[in-house]
Structure formats: C-alpha cells, structure tokens
Amino acid sequence: MEPPYDGEAATADTAAQSETPEQKLASRWSFLVTQRYQHLLDKLTPHILHRWIAVCALGFIYAVRVYFVEGFYVVSYALGIYLLNLLIGFLSPQVDPIELDGPTLPTLASDEFRPFLRRVPEFKFWYSITKAVCIAFVMTFFEVFDVPVFWPILLFYWFVLFTLTMRRQIHHMIKYKYVPFSFGKKSYGQRRQASEENTALVRD
C-alpha cells in the first residue's frame, strides 16, 4: 500500500534537490553565522554593566563624530526620537493597568511579590539602542543623509517632546502606583514570619 501523497514534503524535497552547491554552501554559512551571533548575544546577556558601558562609549563616539563633521542633524534627531520611544517602552508595564481587572498588588501576607514586567525588556532595550547608534554612525559617512537644517530648532523641539512625554509617563506611574525598577525578589510577610519563629524559640 502506497503512503498518502504529501504535497508540502514533496515540494520541500524538490526545492532541496534543486539547490546548487553554491546555494547550499551559502545557506550553511548563513546558518553558522546566525548561530554564532546568537551565541554571542547569549553570552553578553548577564553582563549588564559592561553592556551599558559599551553602549555609552558608542554614543560618545557618535556625538564626537557629529560634532567634528558639523552635520547629520536630521539623523541625530531621528535617533533621539527612536531612543525616546524605546525609553517609554522600557518604563511602561507590559500590560496597561487600565486594561487590568481588579487589584494587582498583594493583599495578603502570603502573596508573593511579582517584579515589574516591562513592555521592552532590558536586553532588548540595550540591543535596540546599540543597533540604532551603530546604524546612525554608519549613516554619517554618506553625504546623502546630511540634510541642511537649522539644528537648534530640532534640539529645542526634541527637548519639548522629551519633557511632555516624560511628564505624561511620570503622571501615569503616580496614578497607577507602579515603579519601573525591581531590586531582587521580595516576599511580603517575611518579617512577620521571622518574628513569629523567634517568639516560638523563646517560648521553647
């Protein structure tokens, strides 16, 4: 009895057989590069301080480059707007409190503390900033992106936008009583439990 005909499998086999040796080599090389790159990102994940020092150094190099070239202000403005959007995502909760039903804070001593879940995680925040700064730095070597503009207007507008956005974000944080930073894993009721254990030891 012949097995049922699988159209997708047959198409995949035909495509694999139709690949030339050069295409197979290119696919294998692309897979190896992607694998190595992902392995490098995995190794960088726990080194938070070193990653942020590196991205600050990249930002400083970009600023020095723009200062000496005296141009590419539109690129810098676009970079600033992108970084502002990333910052808002980093400071915002993953789920908007407006969409939640009922209280989210612990109400009992046995309730476990849940850390703040960001819309943009820390590593993605850092990775996106790094890519954006690198891309902007490469763009400064192409004259086509050097659009003549009166840069004080862009700088003033960016500061106004930053002030209004952060003011709205801080108001949102105060209104829904959340803090976008967690320092370790906490648990409510630990002090009460410890005091009860000490009392029991004294009675014994």
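Everything numeric in this text was worked out from a predicted model, so none of it was measured.
Between atom OH of residue Y82 and atom NZ of residue K131 there is a gap of 6.5 Å, rounded to the nearest 0.5 Å. Here the OG1-CD1 distance, from T130 to I135, works out to 11.0 Å after rounding to the nearest 0.5 Å. Separation of atoms CD (E70) and CG (D146) is listed at 10.5 Å; rounding is to 0.5 Å. The structure places CG of L87 at 8.0 Å from CD1 of I129, a figure rounded to the nearest 0.5 Å. With values rounded to the nearest 0.5 angstrom, N85 atom CG is found 8.0 Å from T165 atom OG1.
Grouping the Ile, Leu, Val, Met, Phe, Trp and Tyr side chains by contacts below 4.5 angstrom, directly or via other members, places I48 with L44. Cluster membership check: F150 does not share its hydrophobic cluster with F72, using side-chain heavy-atom separations under 4.5 Å among Ile, Leu, Val, Met, Phe, Trp and Tyr. Linking Ile, Leu, Val, Met, Phe, Trp and Tyr residues whenever their side-chain heavy atoms come within less than 4.5 Å leaves I170 and V120 in two separate clusters. Under a hydrophobic clustering in which Ile, Leu, Val, Met, Phe, Trp and Tyr are joined whenever their side-chain heavy atoms come within less than 4.5 Å, directly or via other members, Y37 and V133 fall into the same cluster. F156 and V147 are assigned to two separate hydrophobic clusters, defined by single-linkage of ILVMFWY side chains at heavy-atom distances under 4.5 Å.
Q169 and I88 get closest at one heavy-atom pair: OE1-CG2, 3.9 Å. Closest heavy-atom contact between V66 and G71: CG1-O, 3.3 Å. Annotation for F145 and M139: closest pair CD2-CE, 3.4 Å, computed over non-hydrogen atoms.
Looking at R65, its side chain never comes within 3.5 Å of a backbone N or O of F137 through a donor-acceptor pair. Counting only distance, with no hydrogens or angles, the side chain of S30 and the backbone of A26 share no donor-acceptor pair below 3.5 Å.
Between Y62 and T140, the closest side-chain pair of non-hydrogen atoms falls below 4.5 Å. At least one side-chain heavy atom of W158 sits under 4.5 Å from a side-chain heavy atom of I81. In this structure the side chain of L91 reaches within 4.5 angstrom of the side chain of M166, judged on heavy atoms. You'll find the side chain of T45 stays beyond 4.5 Å of the side chain of L41, heavy atoms only. Inter-residue side-chain proximity for L40 and R36 is flagged as unmet; no heavy-atom pair is nearer than 4.5 Å.
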>> Pair V149, Y77 - check side-chain contact (heavy atoms from CB on, under 4.5 Å), show working.
In response: CA-CA 11 Å; V149 67; Y77 176 74; over 6 Å; no

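A distance below 6.0 Å separates the ring centres of W52 and F125.
Counting heavy-atom neighbours within 6.0 Å of F123 CZ, excluding the residue itself, gives a total above 12. Heavy-atom contacts from other residues, nucleotides or ligands closer than 6.0 Å to CZ of F141 number more than 12.
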